[in-house]
Chemist: 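Pasting in a structure now, in structure tokens, and then I'll have a few things to ask.
Order of the sequence lines sets the chain letters (A, B, ...), proteins ahead of strands, with each chain counted from 1.
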Amino acid sequence: MAAPDFYFAINATFRFFYERWGEEGLTRYWEALGREYFAPLSRHFREGGLAAVEEYWRDFFAAEPGGEVTVRRDGEQVTLEVRVCPAIRHLRAHGREVMPLYCRHCDVVSGTIAREAGLRFGREGGDGACRQWFAPAGEGEARR
Amino acid sequence: MIGCQDFCGHYDWTFAYLQREYGEEALRDYWEQAIARDSQAHARALIAAKGFQGMAEYWGHTLAEEEAGYVATAGANYYRVDMHRCPSLGFLLERGQQQFADYCEHCIGWIGPLMADYGFAIDHAHNHRGQCWWEFRRASEAGAPSAPGEVAGPKDVRLRQDWESGPIDRYLRSRRE
């Protein structure tokens, strides 16, 4: 049930937290979401390693409607090349104002999921196209 | 990234988080402000402009997109939905994933304020097992809800053998009984 109109609610939820409790409150919400709701995913990544990370994100983006994303594993890093972010594409296609901190949720939520799994997460770009990566926490600077 | 494929899971978790961290009033405010006024602005626009026809267009699109098992019935002075298989609650029940005590409450939480804004009253009941019914009428014309089968015929969810096999929450003229 990957209904793209749910992106409207995700965007509105971020805006609600931001308007009520500021960036700090929104970040606390994202951290708790990563730590609590996604705890099973962190366990899965911890147990399955980068192969599990690669498989999860490949399946994830295959199910999200409207995105153009390539997932690849190069040695000790899984990279997500997001050419078209499905959420931002859908929001813009329907004239919705994208909440200004929208892209930050990937940093905080995925960053928390990664940390809880003994990994680290990075992102560059945004606003509809970005590159994200997961790598073991102890490794040196991730390749971009 | 937070996706739409498991939206119902993190939506439900968010209800529990809001209630736990900020209280019941914040959760009600979230449904009214974030969902009814922001997220569901497309529903608001349709219902404001077209009334019952707008409801039919909104739920026709949304429930098809969510692959719901439902029947809609429309008349000159009402719009009715019989939900036999709620995809949203079904997602949670299938996974044993409910974090919030009453997930079904979110629907009246956003639909209630939206309908009130445009002068519609709601009769509604849900059984916490993926079935519910809704009747919308102009508040000025609203009386008692239809009798089981009167409007939707044999597809009235209240005629299911399992409809009353557990607790049911009821709303009459937008007020909880």
Chemist: Would you mind checking if A:Arg83 and A:Glu81 are paired as a salt bridge, meaning a charged N to carboxylate O distance below 4.0 Å?
Modeler: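 Salt bridge absent between A:Glu81 and A:Arg83.
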Chemist: Examine whether an atom of B:Ile2 lies under 4.5 Å from a heavy atom of chain A, and if so say whether it belongs to the side chain, the backbone or both; otherwise answer neither.
Modeler: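 For B:Ile2, the contact with chain A is made by backbone and side chain together.
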Chemist: Using a strict 4.0 Å threshold on nitrogen-to-oxygen distance, state whether B:Arg129 and B:Asp162 make a salt bridge.
Modeler: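 Answer for the salt bridge query: no.
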Chemist: Does anything in residues 112-120 of chain B get under 4.5 Å of chain A by heavy atoms, and if so which residues?
Modeler: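 Result: none.
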Chemist: Less than 6.0 angstrom separating the ring centers of A:Tyr56 and A:His44, yes or no?
Modeler: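 No.
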Chemist: Salt bridge between B:Glu32 and B:Arg37, side-chain N to carboxylate O under 4.0 Å?
Modeler: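 Salt bridge between B:Glu32 and B:Arg37, a charged N being under 4.0 Å from a carboxylate O: yes.
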Chemist: Please state whether the rings of A:Phe14 and A:Tyr102 are parallel, tilted or perpendicular, taking 30° and 60° as the class boundaries.
Modeler: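 Correct class here is tilted.
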Chemist: Could you tell me how the ring of B:Trp134 sits relative to the ring of B:Phe136: parallel (under 30°), tilted (30 to 60°) or perpendicular (over 60°)?
Modeler: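 B:Trp134 vs B:Phe136 ring planes: parallel.
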Chemist: Taking the six-membered ring of A:Phe8 as reference, does the NZ or CZ atom of A:Arg96 fall below 6.0 Å from its centre and within a 45° cone about the axis?
Modeler: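 Yes, A:Arg96 and A:Phe8 form such a contact.
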Chemist: I need the residue from B:Gln99, B:Gln97, B:Gln40 with the largest number of non-hydrogen atom pairs under 4.5 Å to chain A.
Modeler: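 The option with the most such pairs is B:Gln97.
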Chemist: Just so I understand: if I count every heavy-atom pair under 4.5 Å between each of A:Glu36, A:Arg15, A:Arg20 and chain B, which residue has the most?
Modeler: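 Answer, by heavy-atom pair count under 4.5 Å with chain B: A:Glu36.
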Chemist: Please classify the contact between B:Asp29 and chain A as side chain, backbone, both or neither, with a heavy-atom cut-off of under 4.5 Å.
Modeler: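 For B:Asp29, the contact with chain A is made by backbone and side chain together.
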Chemist: Non-hydrogen atoms of chain B under 4.5 Å away: do they reach the side chain of A:Tyr29, the backbone, both or neither?
Modeler: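 The answer is both parts of A:Tyr29.
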Chemist: Do the side chain of A:Glu64 and the main chain of B:Gln5 share a donor and acceptor less than 3.5 angstrom apart?
Modeler: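 Side chain of A:Glu64 to backbone of B:Gln5: a pair is present.
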Chemist: Counting a contact as any heavy-atom pair under 4.5 Å apart, which residues of residues 14-21 of chain B contact chain A?
Modeler: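 Against chain A, the residues of residues 14-21 of chain B that fall inside the cut-off (heavy atoms, under 4.5 Å) are B:Thr14, B:Tyr17, B:Leu18, B:Arg20.
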Chemist: Could you tell me whether B:Asp123 and B:Arg175 make a salt bridge, using a distance below 4.0 angstrom between a side-chain N and a carboxylate O?
Modeler: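 The answer is no: the pair does not qualify as a salt bridge.
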Chemist: Using the six-membered ring wherever Trp is involved, compare the ring planes of B:Trp31 and B:Phe100 and label them parallel, tilted or perpendicular (cut-offs 30° and 60°).
Modeler: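 Taking B:Phe100 first and then B:Trp31, their aromatic rings stand perpendicular (interplane angle over 60°).
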Chemist: State plainly whether the residues B:Arg95 and B:Asp6 are in salt-bridge range, i.e. N to O under 4.0 Å.
Modeler: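 Between B:Asp6 and B:Arg95 there is no salt bridge, as every charged N stays at least 4.0 Å from the carboxylate O atoms.
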Chemist: Charged N to carboxylate O under 4.0 angstrom, B:Arg80 versus B:Asp156?
Modeler: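 The answer is yes: the pair qualifies as a salt bridge.
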Chemist: Please tell me whether B:Tyr22 and A:Trp21 form a close aromatic pair, meaning their ring centres lie under 6.0 Å apart.
Modeler: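 Yes: the rings meet the under 6.0 Å criterion.
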Chemist: If contact means a heavy atom pair closer than 4.5 Å, which residues of residues 103-111 of chain A contact chain B?
Modeler: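 Against chain B, the residues of residues 103-111 of chain A that fall inside the cut-off (heavy atoms, under 4.5 Å) are A:His105, A:Cys106, A:Val109, A:Ser110.
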Chemist: Any pair with a residue in residues 97-113 of chain B that passes salt bridge (charged side-chain N to carboxylate O under 4.0 Å, His left out), sequence neighbours left out, goes on the list, sorted by first then second residue, please.
Modeler: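 Every pair satisfying salt bridge (charged side-chain N to carboxylate O under 4.0 Å, His left out) with a residue in residues 97-113 of chain B: B:Arg28-B:Glu105, B:Glu105-B:Arg176.
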Chemist: With a 4.0 Å cut-off on N to O distance, would you call B:Asp82 and B:Arg158 a salt bridge?
Modeler: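 Looking at B:Arg158 together with B:Asp82, the answer is no, because their closest N to O distance does not fall below 4.0 Å.
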Chemist: Please classify the contact between A:Phe121 and chain B as side chain, backbone, both or neither, with a heavy-atom cut-off of under 4.5 Å.
Modeler: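 When you check distances to chain B, no heavy atom of A:Phe121 falls under 4.5 Å.
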Chemist: Quick one: do A:Glu47 and A:Arg43 make a salt bridge, cutoff under 4.0 Å?
Modeler: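 Between A:Arg43 and A:Glu47 there is no salt bridge, as every charged N stays at least 4.0 Å from the carboxylate O atoms.
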